[in-house]
Amino acid sequence: DGGLFGGAAGWQQANGTATMILARSTDPGATYVVELYFLNPVGGQQGATNVSIEAVGAGGASLIPRESADVAGGKFTPFLVAALTVKRVGQSSTGAGLSNNVTVTLSANMDLEGRFRHKVTITGLTGSSTGGTNARLPLYPPGGTPFLSYVRWFASSGKAVMTLMGDDMQASREYAVSFTLNNSRTPQDPPQVYMQASFIRLDARGTLISKQLVDPGPGPNAPLLITRW
């Protein structure tokens, strides 16, 4: 800011108010850019869209009345933290030794961009007899979604990785895809299954949405529940 403001901004977390004190006069018609740095919370959240700005004098008298600020949209919305707002995993069959369609339904609070090769990773799908390490399993439907036409399957950890490629996964839109596993012949209770999202760019890679417990399908639809007698 070229020394326009003195020192650090005052911050009131309870009401989301940042206060900056002028160290010198502003110039008429000039544009100033100020950056404030915050630490995002661990959990996801919607962005702050109702943002306002005002100017008051040293004695508290209003100099410029409070007005609504122009707030950036999409992933640039202030304090938007990526989250999976829908994260369900279900199944089609509880029978021991049978073919089982695992259905994944998900939605995010922001666009996940295909050009950054976002990956959605599901872990905990243990109890399947489908083998493989980094094996390709067909993903259905084979078109009409932003995901590649297959998942990468890691049997030892029960991990399935879906990759976005090209098209974006649009914010607030639900997507449902499925892949097929074979149930083992050993009955079991449904395992705890988790979902997370990561990104890969030319200059960086990392976790975008931390691991979260999925919402299982009701009753026999809970993933990898294999019938007991």
Side-chain angles (χ1 to χ4, degrees), residues 44 82-108 112-170 173-200 205-229:
L84 292 168
T85 52
V86 176
K87 47 187 187 302
R88 293 193 302 269
V89 180
Q91 69 174 7
S92 65
S93 175
T94 63
L98 297 183
S99 179
N100 189 357
N101 293 325
V102 176
T103 299
V104 180
T105 306
L106 69 164
S107 181
L112 302 186
E113 298 176 76
R115 66 191 180 97
F116 287 149
R117 293 180 62 88
H118 283 92
K119 296 181 184 296
V120 176
T121 300
I122 302 160
T123 54
L125 293 170
T126 54
S128 166
S129 64
T130 301
T133 299
N134 203 23
R136 290 189 182 189
L137 302 181
L139 187 68
Y140 303 99
T145 77
F147 297 101
L148 289 179
S149 60
Y150 58 86
V151 299
R152 292 287 187 176
W153 172 245
F154 300 80
S156 61
S157 58
K159 180 171 72 173
V161 182
M162 306 187 302
T163 302
L164 290 161
M165 178 62 74
D167 294 335
D168 296 345
M169 179 174 153
Q170 298 174 13
R173 176 178 172 182
E174 282 195 19
Y175 295 85
V177 293
S178 64
F179 54 93
T180 301
L181 299 175
N182 294 319
N183 288 342
S184 74
R185 295 188 176 277
T186 303
Q188 68 172 24
D189 292 327
Q192 288 192 319
V193 178
Y194 298 85
M195 190 181 299
Q196 68 185 84
S198 58
F199 68 93
I200 299 176
R205 63 176 60 198
T207 299
L208 179 68
I209 301 173
S210 58
K211 183 161 58 174
Q212 302 170 6
L213 190 66
V214 306
D215 301 320
N221 293 324
L224 274 299
L225 167 65
I226 301 176
T227 305
R228 294 181 184 275
W229 291 100

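By convention here, the first residue in the shown sequence is residue 1. Side-chain atoms are counted along with the backbone in the values below, which use heavy atoms only and exclude waters and symmetry mates.
When every heavy atom of Phe179 is checked against every heavy atom of Ala160, the shortest pair comes out as CZ-CB, 3.7 Å. Looking at every heavy atom in both residues, Ser92 comes nearest to Asn100 through N-OD1, 3.0 Å. For Gln91 against Pro220, the heavy-atom pair with the smallest separation is NE2-O, 3.0 Å. In terms of heavy atoms, Ala176 sits closest to Pro141 at O-CD, 3.9 Å. Nearest heavy atoms, Ser128 versus Leu224: N-CD1, 3.9 Å. For the residue pair Pro142 and Ser149, the shortest heavy atom distance occurs at O-CB, 4.1 Å.
Proximity of a side-chain donor or acceptor of His118 to a complementary backbone N or O of Phe199 within less than 3.5 Å is not detected. Side-chain N or O atoms of Thr130 include one that pairs as donor or acceptor with a backbone N or O of Asn182 at under 3.5 Å. Thr94 contributes no side-chain N or O that, together with a main-chain N or O of Thr227, makes up a donor-acceptor pair within less than 3.5 Å.
Taking 4.5 Å as the limit, some side-chain heavy atom of Met195 sits within range of a side-chain heavy atom of Val120. Using a 4.5 Å heavy-atom threshold, the side chains of Ser156 and Thr133 count as separate.
Sorted by first then second residue, the salt bridge (charged side-chain N to carboxylate O under 4.0 Å, His left out) pairs that include residues 83-96, not counting sequence neighbours, are Arg88-Glu174.
Remark: Gln170 pairs with Asp111, Arg173, Tyr175 by the side-chain contact (heavy atoms from CB on, under 4.5 Å) rule, at least two apart or across chains. Partners of Asp167 by side chain to side chain donor-acceptor pair (under 3.5 Å), not counting sequence neighbours: none found. For Thr180, the side chain to side chain donor-acceptor pair (under 3.5 Å) partners at least two apart in sequence or on another chain are Asn101. With sequence neighbours excluded, the residues that form a side-chain contact (heavy atoms from CB on, under 4.5 Å) with Tyr150 are Arg136, Leu148, Arg152.
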Could you go step by step and tell me if Phe154 and Asn134 meet the side chain to side chain contact (heavy atoms under 4.5 Å, CB included) rule?
-> CA-CA 5 Å; Phe154 300 80; Asn134 203 23; 3.4 Å; yes
Are Ser184 and Ile226 close enough, and set up right, to give a side chain to side chain contact (heavy atoms under 4.5 Å, CB included), and what steps lead you there?
-> CA-CA 8 Å; Ser184 74; Ile226 301 176; 3.5 Å; yes
Intermediate values then yes/no, side chain to side chain contact (heavy atoms under 4.5 Å, CB included), Lys159 and Thr121 | CA-CA 7 Å; Lys159 180 171 72 173; Thr121 300; 3.6 Å; yes
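One distance of note links CG of Leu84 with OG1 of Thr105; it measures 12.0 Å at 0.5 Å rounding. Separation of atoms CG (Leu112) and CG (Asp168) is listed at 8.5 Å; rounding is to 0.5 Å. The distance from the CG atom of Leu106 to the CE atom of Met162 is 5.0 Å, given to the nearest 0.5 Å. Here the CG atom belonging to Leu139 is positioned 7.0 Å from the OG atom belonging to Ser178, to the nearest 0.5 angstrom.
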Review item, side-chain donor-acceptor pairs of residues 207-217, under 3.5 Å, at least two apart:
none

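Judged purely by distance below 3.5 Å, without hydrogens or angles, the side chains of Thr163 and Lys119 pair a donor atom with an acceptor atom.
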